[in-house]
Chemist: 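Mind looking over this structure? Questions follow.
All values below were derived from every heavy atom in this structure, side-chain atoms included, with hydrogens, water molecules and symmetry-related copies excluded. Chain letters run A, B, ... following the sequence lines, proteins first and then strands; every chain starts at 1.
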Number of protein chains: 2
Amino acid sequence: MAFMIAQRAYIKLFLITKVEQRRGYGYQMLEELKQEFAPFGYVPPQSEIYRALHELVQEGVLFRTKQLKGSDPSVDFQEIVLYQFTDDGTEKAELYKKQVKTDLDRCIGMLNKAVRDNY
Amino acid sequence: MAFMIAQRAYIKLFLITKVEQRRGYGYQMLEELKQEFAPFGYVPPQSEIYRALHELVQEGVLFRTKQLKGSDPSVDFQEIVLYQFTDDGTEKAELYKKQVKTDLDRCIGMLNKAVRDNY
DNA sequence: AGATGAACATAGTGTTCATAG
DNA sequence: CTATGAACACTATGTTCATCT
């Protein structure tokens, strides 16, 4: 058993939830996460978000569709990669979340123990 | 800012507290920590305990004294390395603990956020 | 078995670079 | 500046080995 939860797993969790709420793309979700974690002084690195998304595709949870960002192609040519759940992606995601939940609880327990025992 | 607290820092915290309670030696504290963390399925690796102790010595928090384990040298020749606080070790330890506390709280906050936001 | 230490190998990262509109 | 991706570099860690009683 590893000591703490990995950053990758932690980020994947949030990405899954974001895709649950609405189809999203990497850069967008990255910026949102930066905002959310700002109070903790934690800046999720760009590379980790993309690595996490790639892994979720590899694992068959998400699939990619490319698409132009703006509604008017003559104005906005920016191509983005949208992520959404595969057919059985929702199930797989739920399973994954269940596993991560166990680990989260374990980690919280260990950190609380540190506070209890040493302060 | 790193994502999570490092295992090294986490272990150093417990080692400091153990030395506060009584002078101890590596193997002994390792075994105690193994017991304490067993419920979490976490087995602190031997190498990390020694590395942590060496670092605390480097940082001037602890100092070492060698000593025979048993009371009767004709029976027990096992040499152990006892650790105790240096003159200003207590202060340094307190400062270190204060810093780690901040990080512990931050980590607990981030893990709780994960539970709140994704379940 | 108890006890200490270091060497070696690797995974998970952080940082930088490449590309494109 | 938005957006995606990969290459590279590093550091904390896991595993193994060495040594002694």
Side-chain angles (χ1 to χ4, degrees), chain A residues 1-12 15 23-35 37 41-58 62-83 103 107, chain B residues 1-12 15 18 23-35 37 41-58 62-83 100 103 107:
Chain A
M1 178 77 68
F3 167 61
M4 278 281 123
I5 189 173
Q7 184 177 202
R8 186 80 43 84
Y10 185 85
I11 288 178
K12 277 161 103 173
L15 293 176
R23 290 169 303 159
Y25 61 99
Y27 191 88
Q28 177 196 41
M29 296 192 272
L30 171 61
E31 291 304 315
E32 289 175 8
L33 289 178
K34 276 185 184 173
Q35 294 290 326
F37 291 121
Y42 168 60
V43 182
Q46 172 250 75
S47 52
E48 276 299 305
I49 268 73
Y50 287 113
R51 281 195 270 240
L53 285 171
H54 297 339
E55 274 190 19
L56 288 169
V57 171
Q58 284 295 315
L62 302 179
F63 76 95
R64 304 153 42 100
T65 49
K66 294 196 176 180
Q67 161 171 332
L68 287 178
K69 190 186 177 189
S71 48
D72 187 351
S74 66
V75 176
D76 193 345
F77 292 95
Q78 182 72 60
E79 205 177 19
I80 59 175
V81 179
L82 272 182
Y83 289 91
D103 204 32
C107 292
Chain B
M1 179 79 65
F3 167 60
M4 278 281 122
I5 188 171
Q7 185 179 201
R8 186 77 46 84
Y10 185 85
I11 288 178
K12 277 161 103 174
L15 292 177
K18 293 224 171 279
R23 290 170 302 158
Y25 61 99
Y27 190 89
Q28 177 197 41
M29 297 193 271
L30 170 63
E31 291 304 314
E32 288 175 8
L33 289 177
K34 277 186 185 173
Q35 293 290 326
F37 291 121
Y42 167 60
V43 182
Q46 171 251 72
S47 52
E48 277 299 306
I49 269 74
Y50 287 113
R51 282 195 270 240
L53 287 171
H54 297 339
E55 275 190 19
L56 288 170
V57 170
Q58 284 295 315
L62 303 180
F63 75 96
R64 304 153 42 100
T65 48
K66 294 196 177 180
Q67 164 172 328
L68 288 178
K69 189 187 178 189
S71 48
D72 186 353
S74 64
V75 177
D76 193 346
F77 293 95
Q78 182 72 59
E79 205 178 19
I80 59 176
V81 178
L82 272 181
Y83 289 90
V100 175
D103 203 33
C107 292

Chemist: Take the angle between the ring planes of B:Y10 and B:F37 and call it parallel below 30°, perpendicular above 60°, tilted in between.
Modeler: tilted

Chemist: Using a 4.0 Å heavy-atom cut-off, write out nucleotides 2-7 of chain D from 5' to 3' as B (base contacted by protein), S (sugar-phosphate only) or - (no contact).
Modeler: BSBBBB

Chemist: With a 4.5 Å heavy-atom cut-off, do B:Y83 and B:R23 have their side chains touching?
Modeler: no

Chemist: Quick one: A:M4 CE to D:dA12 P, roughly how many Å, whole number?
Modeler: 17 Å

Chemist: For A:I49 and C:dT15, what is the distance between atoms CD1 and P respectively, to the nearest whole Å?
Modeler: 14 Å

Chemist: What is the distance, rounded to the nearest whole Å, between atom CD of B:E55 and atom P of C:dG5?
Modeler: 14 Å

Chemist: I need the CG-P distance between B:D103 and D:dA12, as an integer number of Å.
Modeler: 14 Å

Chemist: Which donor-acceptor pairs under 3.5 Å do side chains of residues 44-57 of chain A form with protein atoms, sequence neighbours excluded?
Modeler:
unit_1: A:S47; atom_1: OG; unit_2: A:R51; atom_2: NH2; d: 3.3
unit_1: A:E48; atom_1: OE1; unit_2: A:R8; atom_2: NE; d: 2.9
unit_1: A:E48; atom_1: OE2; unit_2: A:R8; atom_2: NH2; d: 3.2
unit_1: A:E48; atom_1: OE2; unit_2: A:R51; atom_2: NE; d: 3.2
unit_1: A:E48; atom_1: OE2; unit_2: A:R51; atom_2: NH2; d: 3.4
unit_1: A:H54; atom_1: ND1; unit_2: A:Y50; atom_2: O; d: 3.4
unit_1: A:E55; atom_1: OE1; unit_2: A:K12; atom_2: NZ; d: 2.7
unit_1: A:E55; atom_1: OE2; unit_2: A:R8; atom_2: NH1; d: 2.5

Chemist: Starting at atom OH of A:Y10, determine the distance to atom C1' of C:dG12, rounded to an integer number of angstrom.
Modeler: 17 Å

Chemist: Separation of A:M1 atom CE from D:dT13 atom C1', in whole Å?
Modeler: 17 Å

Chemist: Just by distance, with hydrogens left out, do B:Q78 and B:Y27 show a side-chain donor and acceptor under 3.5 Å apart?
Modeler: no

Chemist: Tell me: CD of B:Q67 to C1' of C:dA3, nearest whole Å?
Modeler: 14 Å

Chemist: Would you mind reading off the distance between B:L30 atom CG and D:dG14 atom P, rounded to a whole angstrom?
Modeler: 13 Å

Chemist: For a quick test of reading the model, state the closest non-hydrogen atom pair linking B:L33 to B:K18 and the distance between them.
Modeler: CD2-CE, 3.8 Å

Chemist: Quick check: closest heavy atoms across A:Y42 and A:I11, and the distance to 0.1 Å?
Modeler: OH-CD1, 3.7 Å

